Protein chains: 2
Amino acid sequence: MANEQTSYSAVTCVNCNLDKLCIPKGLDPSDVGELALRVNRNNIRQKGEVIYHAGSTFRGIVALRSGSAKLLSYDGDGNELIVDFILPGELLGFDGFAKQTHNCTAIALETVNFCHLPAYRLDMLVGNTSNLSHILLQRSCDQFDFQVQKALFNRRTAEERVAYFIVALSDRLKLRGYSEMEFRFSMSREEIGNYLGITQETVSRIFHHFQAMNMIEIKAKRLKIIDKKKLSS
Amino acid sequence: MANEQTSYSAVTCVNCNLDKLCIPKGLDPSDVGELALRVNRNNIRQKGEVIYHAGSTFRGIVALRSGSAKLLSYDGDGNELIVDFILPGELLGFDGFAKQTHNCTAIALETVNFCHLPAYRLDMLVGNTSNLSHILLQRSCDQFDFQVQKALFNRRTAEERVAYFIVALSDRLKLRGYSEMEFRFSMSREEIGNYLGITQETVSRIFHHFQAMNMIEIKAKRLKIIDKKKLSS
DNA sequence: CGTACAATTGAACGAAGTCAATTGGTGTGG
DNA sequence: CCACACCAATTGACTTCGTTCAATTGTACG
């Protein structure tokens, strides 16, 4: 956001001025030394340049040293949604950890300097792919991914949200061995509306509308999906 | 969502039918046995009962075995926002990891049965508070918390969003040693609008309005905050 | 200094919200 | 087992906030 021209030549995590914000915050001092040895420093990008791309393989965690960046995601129609603005000392890359593929793109908003902890070295520190630390970090990142997804469809119309909600719930139930075409809501209209960011009245009207269009049959909390394909669009 | 009455008596993570979804998914088989020894099983809550409360100390990760739940957060005015609906095999509790205090509440939507991995046992498996695994998990959960925060203020009016954006940015810059009262935006109006879920025109109008109210002075990308207190309300 | 893009400003429209009345479902006690 | 009460869901009428479209002004950079 502002200009700060420092000589980074001799800087490591051990004497970095961002140690109260970045990964070292709260980290055991001995581990900071360990970390410093594994981080690539002084990566530069100019304004508008990409730090990493959605769809690319996860290559590790990025820590911004100076400048600012935007983290964005794309919806189905290619519209971009800015998930976060990144300032010095903040971390980037968690969007690629769970699936090992980034689902966000990071772009510099001005000249940036960043450090990079490569994935394979991250594994050396955190442990291999199948141990618990790794799995929990993965699950946590999953939840983050999901929140990004949710933010994306919060841009859509009320109808699209409700349709998406039904389809997503159906898919999740199927995965758990329940019927994907017929099930019972355990939540009220108000709770659905709250979750989707619309009112219960709107939920009700849209259910009615979908029924009129022969996509679903709904009676109180029982739902029967007639045309899941139509619903998905 | 549906009824499934199984005898859970002899069930451990090793032979649980949710092993393709829950923590064990992707976990090394030897670690699953390890995990099984540390998990408390057969915790029951009835419809409407709380699994954990916002504000309470983090006590570990919860894995839903049957039933469904809602995960919700409260805004400043006590309005609830449903962050997620939880189905069997899904995990709960990451909202408490970063700050060691839950910022969400989990409530059963119907009778639920869940497993519980206590925090101190989690530490035994993941390592102590200051090692890298722990820190990274914490940072990742931080990002999750932030997305929840963002979802919360997406319910607010365009004016509140813009005000919040300015204040939050000011605070973040201050934390990094920059001036909190006067700075330069590195992002365009369009990017601000995209981030806040409103159009650039609306951003522009609201900036103008805040200036007319003597809360800020804005000229192109330079912003000067006149009355931060007023802006925060 | 001019060009291209960014930001502002205005006017009209529309999707979803609000408020209010009605209907429907469920569980409980007579 | 029915009837009542209570809460959930539906439906309608009206309002509003923010969008959209379009025209204009401002700003940065070659």
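Because the structure is a prediction, the values reported are computed rather than measured. Residue numbers start from 1 in every chain, and the chains themselves are labelled A, B, ... in the order their sequence lines are given, proteins ahead of strands.
Following rounding to the nearest Å, His209(B) (NE2) and dG18(D) (C1') show an atom-to-atom distance of 15 Å. Note: NZ (Lys47(B)) to C1' (dG27(C)) measures 12 Å, nearest angstrom. The CD atom of Gln211(B) sits 9 Å away from the P atom of dT8(C) (whole-angstrom rounding). Rounded to a whole Å, the NZ atom of Lys221(B) is 13 Å from the C1' atom of dG26(D). Separating the CD atom of Gln200(A) from the C1' atom of dT22(C) is a distance of 14 Å, rounded to the nearest angstrom. Summarising the geometry, the separation between CD on Glu190(A) and P on dC6(D) is reported as 19 Å, rounded to the nearest angstrom. One can place CD of Glu191(A) at 9 Å from P of dA8(D), the figure rounded to the nearest angstrom. dC17(D) atom P lies 18 Å from atom CZ of Arg155(B), rounded to whole Å.
Map Ile218(A) and Ala158(B) each onto its nearest nucleotide of DNA chain D; the residue landing nearer the 5' end is Ile218(A). Take the nearest nucleotide of DNA chain C for His208(B) and for Ala220(A): the residue whose nucleotide is more 5' is His208(B). Each of Arg156(A) and Ser188(B) was matched to the nucleotide of DNA chain C holding its nearest heavy atom; the match closer to the 5' end belongs to Ser188(B).
In this structure, of dT19(D), dA7(C), dT9(C), it is dA7(C) that holds the atom nearest to the side chain of Arg189(B). Side-chain atoms of Ser204(A) lie closest to dA9(D) of the nucleotides dT19(D), dA7(C), dA9(D).
A donor-acceptor contact under 3.5 Å is formed by the side chain of Glu201(A) with the base of dC19(C). Counting distance only, with no hydrogens placed and no angle test, the side-chain atoms of Arg161(B) and the base atoms of dG18(D) include no donor-acceptor pair under 3.5 Å. Counting distance only, with no hydrogens placed and no angle test, the side-chain atoms of Arg205(A) and the base atoms of dT18(C) include a donor-acceptor pair under 3.5 Å.
Asp75(A) and Arg156(A) are joined by a salt bridge, as a carboxylate oxygen and a charged side-chain nitrogen come within less than 4.0 angstrom of each other.
For the residue pair Asn17(B) / Arg65(B), a side-chain donor-acceptor distance below 3.5 Å is found, with atom types taken as modelled. Side-chain atoms of Asn43(B) and His116(B) include no donor-acceptor pair closer than 3.5 Å. Residues Ser179(A) and Glu182(A) bring no donor and acceptor atom of their side chains to less than 3.5 Å of each other.
At a threshold of 4.0 angstrom between heavy atoms, the contacts of Gly197(A) are confined to the sugar-phosphate backbone, with no base atom among them.
Considering only side-chain N and O atoms, Thr157(A) lies nowhere under 4.0 angstrom from the phosphate OP1 or OP2 of dA15(C). At the phosphate of dG17(C), OP1 or OP2 sits under 4.0 Å from a side-chain N or O atom of Thr202(A).
Side chains of Glu159(A) and His209(A) form a contact here, defined as non-hydrogen atoms less than 4.5 Å apart.
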